[in-house]
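Computed from a prediction, not measured in an experiment: that's the story for all the values here. Along the sequence shown, the residues carry numbers beginning at 1. When a ligand or atom number is given, it counts from 1 through the structure's own listing order.
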Amino acid sequence: MDFAFDRARHDRTGNLRRDPDSWNTPDLRVLVLGGEHVATVDGPRLRWLDRDEAPEGEWILLGRQHGRLHAAVMVDRVPAELNPVSVRVLAPLLDPDELSLAIHAVGLARWLASHRFCPRCGGALVSDESGHLRRCGGCRAEHYPRTDPAVIMLVTDPDDRALLARNPQWPQGRFSTLAGFVEPGETLEDAVRREVAEEVGVTIDRVAYLSSQPWPFPQSLMLGFRAEATGSELTPDPAEIAEARWFTREELRAASEDGSVVLPPPKVSISRWLVEQWYGRELPGSWG
Ligand SMILES: [Zn+2]
């Protein structure tokens with residue numbers, strides 16, 4: 001089961017961030033981005049400009065990949081001739097090495113764009129650490145990029161069937177694992193147990209962490225778990241769950257093959273990866 005986030009794909013070169021001259025090299029590759037849109041070329045691939053081709057904007061050092069330094073420059077709107085595409089749309093289509101840089105760039109850019117003023121004193125914030133820190137010109141407070149932890153879990157019942165559910169906003173047939181945000185003062189394991197109880201009324205016994213996936217829309221880190229339910233009776237909360245079902249492996253294979261169940265895209269979705277870890281190999285079909 002390929003998973004784009006299974007290892008580091010670029011060196012974030014944190015030691016270069018304090019000295020912008022250290023990464024202002026002639027062979028720097030520059031990604032132009034605005035909001036969640038990035039410059040692309042057909043393929044689909046990211047479009048990398050040379051340093052002297054880059055427009056004016058706020059700079060972010062991304063790091064080194066395949067021996068070259070990469071940076072991003074934030075503009076209000078990516079010019080049409082650079083073929084802007086949302087990373088949300090692009091993610092399942094990109095090469096994992098490029099996805100790693102794009103997710104880093106968009107995550108930081110969205111945080112920088114929405115943090116212009118100091119939450120303590122209202123003063124204007126300026127960028128530091130090559131885009132990885134905001135400093136207040138008034139009270140000197142330092143503000144670091146935020147990441148919001150969310151738990152996502154493949155729940156199994158005592159018969160080792162997997163729980164999949166459909167959100168009320170999704171079309172018929174689209175299913176995923178349960179997920180939810182971690183609340184202040186809560187452990188990850190308690191968040192898993194609370195979300196499953198709230199969404200489908202099932203009690204969870206054992207919880208085990210498996211892997212994680214960054215998703216900067218707006219600033220989530222999805223933490224993937226296996227969770228074992230003590231029973232099989234489901235009482236879905238209609239506000240959050242339109243449909244919830246237990247699947248045996250044979251039932252899920254058949255439903256994926258005939259299209260009656262469609263899962264999130266392979267390679268970039270930890271939900272799908274969690275399901276395939278349980279299933280034992282790749283499944284057909286995808287939302288993407
Ligand atoms: Zn301040």
I'd like a table of donor-acceptor pairs (distance under 3.5 Å, sequence neighbours excluded) in which one partner is a side-chain atom from residues 53-60, with atom names and distances.
unit_1: Glu53; atom_1: OE1; unit_2: Asp50; atom_2: N; d: 2.7
unit_1: Glu58; atom_1: OE1; unit_2: Arg116; atom_2: NH1; d: 3.4
unit_1: Glu58; atom_1: OE2; unit_2: Ser127; atom_2: OG; d: 3.3
unit_1: Glu58; atom_1: OE2; unit_2: Arg134; atom_2: NH1; d: 2.7

Expected output: side-chain Trp170 to main-chain Phe175 donor-acceptor under 3.5 Å = no

ask   = Is it true that the side chains of Thr25 and Asp27 contain a donor and an acceptor less than 3.5 Å apart?
value = yes

task = Would you verify whether the NZ or CZ of Arg174 falls within 45 degrees of the ring axis of Trp287 while also being under 6.0 Å from that six-membered ring's centre?
result = yes

key: Sub-2.8 Å protein N, O or S atoms surrounding the Zn ion (ligand 1)   = Cys118 SG, Cys121 SG, Cys136 SG, Cys139 SG

note = So the ring-ring contact (aromatic ring centres under 6.0 Å, His included) pairs with at least one residue in residues 216-236 (sequence neighbours excluded) are Tyr209-Phe225, Trp215-Phe217

key: Which residues share a salt bridge (charged side-chain N to carboxylate O under 4.0 Å, His left out) with Arg88, sequence neighbours left out   = Glu36

